[in-house]
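Positions are given from 1, in the same order as the sequence printed here.
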Amino acid sequence: MHPTALRWSLLAIVAVVVVLSMLPLARSQIQTAPSYIPIGAAASGNASVAWFHQPASGTVVACQAGVSGAGTIAPIQCVAARLP
(Lines give C-alpha, C1' and ligand atoms only; values in the text may rest on other atoms or scores of the structure.)
Protein backbone atom coordinates (compact mmCIF):
# COMPACT_ATOMS: atom_id res chain seq x y z
CA MET A 1 0.00 0.00 0.00
CA HIS A 2 1.22 3.46 -0.86
CA PRO A 3 2.33 5.53 2.21
CA THR A 4 0.03 8.44 1.29
CA ALA A 5 -2.99 6.12 0.96
CA LEU A 6 -2.11 4.52 4.30
CA ARG A 7 -1.89 7.95 5.91
CA TRP A 8 -5.32 8.97 4.54
CA SER A 9 -6.85 5.67 5.65
CA LEU A 10 -5.55 6.14 9.20
CA LEU A 11 -6.78 9.73 9.20
CA ALA A 12 -10.24 8.59 8.08
CA ILE A 13 -10.37 5.93 10.80
CA VAL A 14 -9.34 8.46 13.46
CA ALA A 15 -11.97 10.91 12.20
CA VAL A 16 -14.69 8.25 12.40
CA VAL A 17 -13.64 7.32 15.95
CA VAL A 18 -13.67 10.99 17.01
CA VAL A 19 -17.14 11.58 15.52
CA LEU A 20 -18.55 8.42 17.10
CA SER A 21 -17.11 9.35 20.49
CA MET A 22 -18.91 12.71 20.33
CA LEU A 23 -22.34 11.16 19.79
CA PRO A 24 -24.50 10.99 22.91
CA LEU A 25 -24.46 7.62 24.57
CA ALA A 26 -27.62 5.53 24.45
CA ARG A 27 -29.47 5.24 27.75
CA SER A 28 -30.75 1.82 28.66
CA GLN A 29 -33.26 3.09 31.21
CA ILE A 30 -36.16 5.40 30.59
CA GLN A 31 -36.66 7.87 33.39
CA THR A 32 -40.35 8.41 33.85
CA ALA A 33 -42.13 10.27 36.55
CA PRO A 34 -45.81 11.07 36.60
CA SER A 35 -46.41 14.69 35.79
CA TYR A 36 -49.81 14.66 37.51
CA ILE A 37 -50.31 12.96 40.86
CA PRO A 38 -53.84 11.76 41.70
CA ILE A 39 -55.04 13.38 44.94
CA GLY A 40 -58.68 12.35 45.17
CA ALA A 41 -61.85 11.09 43.56
CA ALA A 42 -65.55 11.34 44.32
CA ALA A 43 -68.78 10.09 42.81
CA SER A 44 -72.36 11.18 43.19
CA GLY A 45 -75.28 9.84 41.22
CA ASN A 46 -74.15 9.28 37.64
CA ALA A 47 -71.12 11.64 37.71
CA SER A 48 -67.62 11.22 39.07
CA VAL A 49 -64.78 13.69 39.61
CA ALA A 50 -61.05 13.05 39.96
CA TRP A 51 -58.46 15.59 41.11
CA PHE A 52 -54.82 15.64 40.04
CA HIS A 53 -51.89 17.82 41.16
CA GLN A 54 -48.71 18.74 39.30
CA PRO A 55 -46.15 19.77 41.95
CA ALA A 56 -43.68 21.34 39.52
CA SER A 57 -46.13 24.01 38.37
CA GLY A 58 -48.58 24.01 41.28
CA THR A 59 -51.46 23.18 38.94
CA VAL A 60 -54.56 21.31 40.06
CA VAL A 61 -56.77 19.59 37.50
CA ALA A 62 -60.33 18.36 38.14
CA CYS A 63 -61.86 16.01 35.59
CA GLN A 64 -65.53 15.05 35.52
CA ALA A 65 -67.07 12.09 33.75
CA GLY A 66 -70.72 11.25 33.70
CA VAL A 67 -73.63 9.87 31.76
CA SER A 68 -75.52 12.05 29.30
CA GLY A 69 -79.29 12.27 29.15
CA ALA A 70 -79.45 9.57 26.47
CA GLY A 71 -77.74 7.08 28.77
CA THR A 72 -74.44 7.19 26.93
CA ILE A 73 -71.13 8.08 28.51
CA ALA A 74 -70.53 11.82 28.29
CA PRO A 75 -67.14 13.20 27.27
CA ILE A 76 -64.69 13.81 30.09
CA GLN A 77 -64.42 17.50 30.97
CA CYS A 78 -61.36 18.85 32.78
CA VAL A 79 -60.67 22.21 34.39
CA ALA A 80 -57.22 23.36 35.52
CA ALA A 81 -56.32 26.00 38.09
CA ARG A 82 -53.03 27.18 39.52
CA LEU A 83 -52.52 27.18 43.27
CA PRO A 84 -51.11 30.34 44.82
Does H53 reach the side chain of V61, with side-chain heavy atoms less than 4.5 Å apart? no

d(Q64 CD, I76 CD1) to nearest 0.5 Å is 10.5 Å

Quick check for you: to the nearest 0.5 Å, what is the distance between C78 atom SG and Y36 atom OH? 9.5 Å

If you take all heavy atoms of P55 and S35, which pair is closest and at what distance? CD-O, 4.2 Å

Which atom of C63 lies closest to which atom of F52, heavy atoms considered: SG-CE1, 4.4 Å

Hey, is the main chain of G58 close enough, under 3.5 Å, to the side chain of R82 for a donor-acceptor pair? no

